[in-house]
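Shown next, in structure tokens, is the structure this report addresses.
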Amino acid sequence: MSTEVRTPITQAMQEGALTRQELKALMARSDGPALVRVFGFALLLAATTGLVYLAYDSWLIWPAMFVHGVVIVHLFSLQHECVHYTVFKTRKLNDIFGNICGYAIILPFQQFRYEHCNHHTYTQLKGQDPELIELPISVWKYLWYISSVPYWRNKFSQILRNGAGRLNDEDRTFLTKYEAPIIIREARLMLAFYALIAVVSVATGWTALLWYWLIPLFLGEPVMRAIRLTEHVGRPNVDDMKENTRTSLVSGPMRFLCWNMNYHAEHHYAASVPFHALPKLHEKLRGYVYVEERGYLGAHVDIISQLIGRKPRSDGGAKKA
């Protein structure tokens with residue numbers, strides 16, 4: 001495998017997937033589409049909040065909180081786009097909404113931004129991609145990941161570690177001495193925010209945040225873990241954008257929820273293309289990127305087939321019990 005890093009845009013240009021003029025047009029940014037999407041998303045959040053309210057005194061509150069949680073965890077999709085500064089033309093709006101989403105889903109915005117930059121540079125390269133999710137060694141490990149327990153364990157330890165002013169070896173792979181203090185300050189502010197909420201809730205006996213925010217967030221996170229698996233897991237650990245990333249064709253409502261991030265291979269080819277232009281980029285790259293026609297379910301069928309030995313493992317390893 002070549003050690004030379006090929007960025008998505010340079011690879012696309014060199015291999016003739018699209019021209020510079022076409023890419024420039026697709027990269028045009030605007031506040032309008034994002035503000036419309038945010039408004040629609042806010043209405044959806046209000047509707048699912050209403051479901052929880054209506055079901056408050058019955059067992060139906062649990063399925064209602066799950067549905068509400070699925071919407072909440074998709075704030076990650078908006079935050080992800082804000083990390084790339086492509087959602088809004090007005091740069092400050094990306095920071096504002098990115099941080100709001102970060103506090104809502106317990107994911108520090110700047111930490112994610114620096115980490116995600118390396119993910120795009122070293123996609124699927126072991127030891128270099130800080131967001132690499134390795135193909136599980138068994139179905140049980142696959143289910144364990146989807147449970148989101150490992151995710152929350154790692155996320156909480158990361159925030160607590162950074163809040164204490166410490167970085168681990170992985171942090172140092174994508175943080176410079178100038179960025180480290182930003183991450184530490186961000187973690188401390190986030191911890192202070194949650195501590196304040198806890199103190200106020202306990203002091204006043206106010207439990208609404210548990211039922212309308214935290215419990216739904218934890219109930220919905222497994223859905224986001226399952227979606228995140230479809231992006232790269234089961235694809236080869238190589239630097240070729242045609243091979244290492246999967247686009248999944250999904251329904252319109254799901255595209256709305258995920259801000260078109262189901263077009264993940266296209267996003268990796270040209271991360272500067274805003275979410276609303278990804279369907280057009282998909283058409284430009286039709287037949288060129290890896291596409292899972294069966295959607296997220298098909299991606300999981302592919303992954304499980306590798307885990308149980310019906311297909312060769314993308315990482316070259318053998319099936320394990």
* **D171 vs Y114, side-chain hydrogen bond (donor to acceptor under 3.5 Å, both in side chains): CA-CA, chis, key distance, verdict** => CA-CA 9 Å; D171 292 331; Y114 294 134; over 6 Å; no
* Can you list the steps and then say if S77 with H80 is a side chain to side chain contact (heavy atoms under 4.5 Å, CB included)? -> CA-CA 5 Å; S77 300; H80 167 263; 5.6 Å; no
* Stepwise salt bridge (charged side-chain N to carboxylate O under 4.0 Å, His left out) test for D302 and R294 -> CA-CA 10 Å; D302 181 31; R294 299 169 297 174; 5.8 Å; no
* To do: Show the numbers, then the answer: is there a side chain to side chain contact (heavy atoms under 4.5 Å, CB included) between V250 and R255?
  => CA-CA 7 Å; V250 299; R255 291 197 302 272; 3.6 Å; yes
* To do: Go through T90 and D31 one step at a time and tell me if the side-chain hydrogen bond (donor to acceptor under 3.5 Å, both in side chains) criterion holds.
  => CA-CA 7 Å; T90 305; D31 290 340; 2.6 Å; yes
* To do: Kindly indicate, with the supporting measurements, whether the criterion side chain to side chain contact (heavy atoms under 4.5 Å, CB included) is fulfilled by Y263 and N260.
  => CA-CA 6 Å; Y263 297 117; N260 288 334; 4.0 Å; yes
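In summary, of the residues considered (L189, I184, I183), a side chain to side chain contact (heavy atoms under 4.5 Å, CB included) with E186 occurs for I183 alone. L78 pairs with exactly one of I100, V83, V87, I105 by the side chain to side chain contact (heavy atoms under 4.5 Å, CB included) rule, that one being V87. Checking each of E292, E134, E243 against R235 for a salt bridge (Lys or Arg N to Asp or Glu O under 4.0 Å) leaves exactly one that passes, namely E243.
Evaluation of the salt bridge (charged side-chain N to carboxylate O under 4.0 Å, His left out) rule for R310 yields no partner, not counting sequence neighbours.
At distances below 3.5 Å, not a single donor-acceptor pair connects side-chain atoms of T207 with backbone N or O atoms of L210. Panel note: side chain S157, backbone N154; a donor-acceptor pair is recorded below 3.5 Å. With hydrogens and angles ignored, the 3.5 Å screen pairs no side-chain donor or acceptor of S148 with any backbone N or O of Y151. At distances below 3.5 Å, at least one donor-acceptor pair connects side-chain atoms of D129 with backbone N or O atoms of Q124.
Across every non-hydrogen atom of Q79 and C101, the tightest pair is CB-CB, 3.6 Å. Taking all atoms of both residues into account, the shortest heavy-atom contact from L125 to N237 is CD2-O, 4.3 Å. The minimum heavy-atom distance linking I215 with W62 is given by the pair CG2-CZ3, 3.8 Å. L167 approaches A180 most closely through the heavy-atom pair CD1-CB, 3.6 Å. Across all their heavy atoms, T230 and I227 have their closest contact at OG1-O, 2.6 Å. The minimum heavy-atom distance linking L209 with I197 is given by the pair CD1-CG2, 3.4 Å.
Residues Q21 and K24 bring no donor and acceptor atom of their side chains to less than 3.5 Å of each other. Residues S248 and N262 have side chains that never bring a donor and an acceptor to within less than 3.5 angstrom of each other. For the residue pair H267 and H282, no side-chain donor N or O sits within less than 3.5 Å of a side-chain acceptor on the partner. Side-chain polar atoms of D239 and Y122 form no donor-acceptor pair below 3.5 angstrom.
Under the 4.5 Å side-chain contact rule for hydrophobic residues, V38 and F109 share a cluster. L307 and V301 fall into different hydrophobic clusters, where Ile, Leu, Val, Met, Phe, Trp and Tyr are joined by side-chain heavy atoms under 4.5 Å apart, directly or via other members. I106 is connected to Y212 through a chain of hydrophobic side-chain contacts under 4.5 Å among Ile, Leu, Val, Met, Phe, Trp and Tyr, so both are in one cluster. Both F97 and F193 are assigned to one and the same hydrophobic cluster, defined by single-linkage of ILVMFWY side chains at heavy-atom distances under 4.5 Å. The hydrophobic cluster containing Y288 also contains L278, counting ILVMFWY residues as joined when their side-chain heavy atoms lie under 4.5 angstrom apart, directly or transitively.
How far CD1 of I303 is from OH of Y145: 10.0 Å, rounded to the nearest 0.5 Å. Rounded to the nearest 0.5 Å, atoms CG (L132) and CG (N118) are 12.5 Å apart.
Ring geometry, H120 versus H84: the interplanar angle exceeds 60°, so the pair is classed perpendicular (tilted spans 30 to 60°). Using a 30° and 60° split on the angle between ring planes, H232 and H268 fall in the perpendicular class, above 60°. Ring-plane geometry between Y194 and W213 is classed as tilted, the angle between the planes lying from 30 to 60 degrees on a 0 to 90 degree scale. By the 30° and 60° cut-offs, the orientation of the rings of H119 relative to H116 is tilted.
Looking only at side-chain heavy atoms (C-beta outward), F66 and P216 stay at 4.5 Å or farther from each other. Counting only heavy atoms from C-beta outward, the side chains of F256 and L44 approach each other to under 4.5 Å. For the pair L23/V273, a side-chain contact is recorded, criterion being any heavy-atom separation below 4.5 Å from C-beta on. Put simply, the side chain of Y296 reaches to within 4.5 Å of the side chain of M254, judged on heavy atoms. Side-chain atoms of I159 and P108, non-hydrogen and from C-beta on, do get closer than 4.5 Å to each other. Looking at heavy atoms from C-beta onward, L135 lies in side-chain contact with Q306 at the 4.5 angstrom threshold.
Atom NZ of K280 is surrounded by 12 or fewer heavy atoms from other residues, nucleotides or ligands within 6.0 Å. Within a 6.0 Å radius of CZ in R20, other residues, nucleotides and ligands contribute 12 heavy atoms or fewer. Atom OH of Y56 is surrounded by more than 12 heavy atoms from other residues, nucleotides or ligands within 6.0 Å.
Taking the centre of each ring, F76 and F112 come in below the 6.0 Å mark. The aromatic ring centres of Y142 and H300 sit less than 6.0 Å apart.
E266 and K284 are not joined by a salt bridge, as no carboxylate oxygen comes within less than 4.0 angstrom of a charged side-chain nitrogen.
Under the 6.0 Å distance and 45° angle rule, R246 does not count as a cation-pi partner of Y290.
Residue pairs that meet the side chain to side chain donor-acceptor pair (under 3.5 Å) test with at least one member in residues 96-112, sequence neighbours left out, are Q110-R113, Q111-N162.
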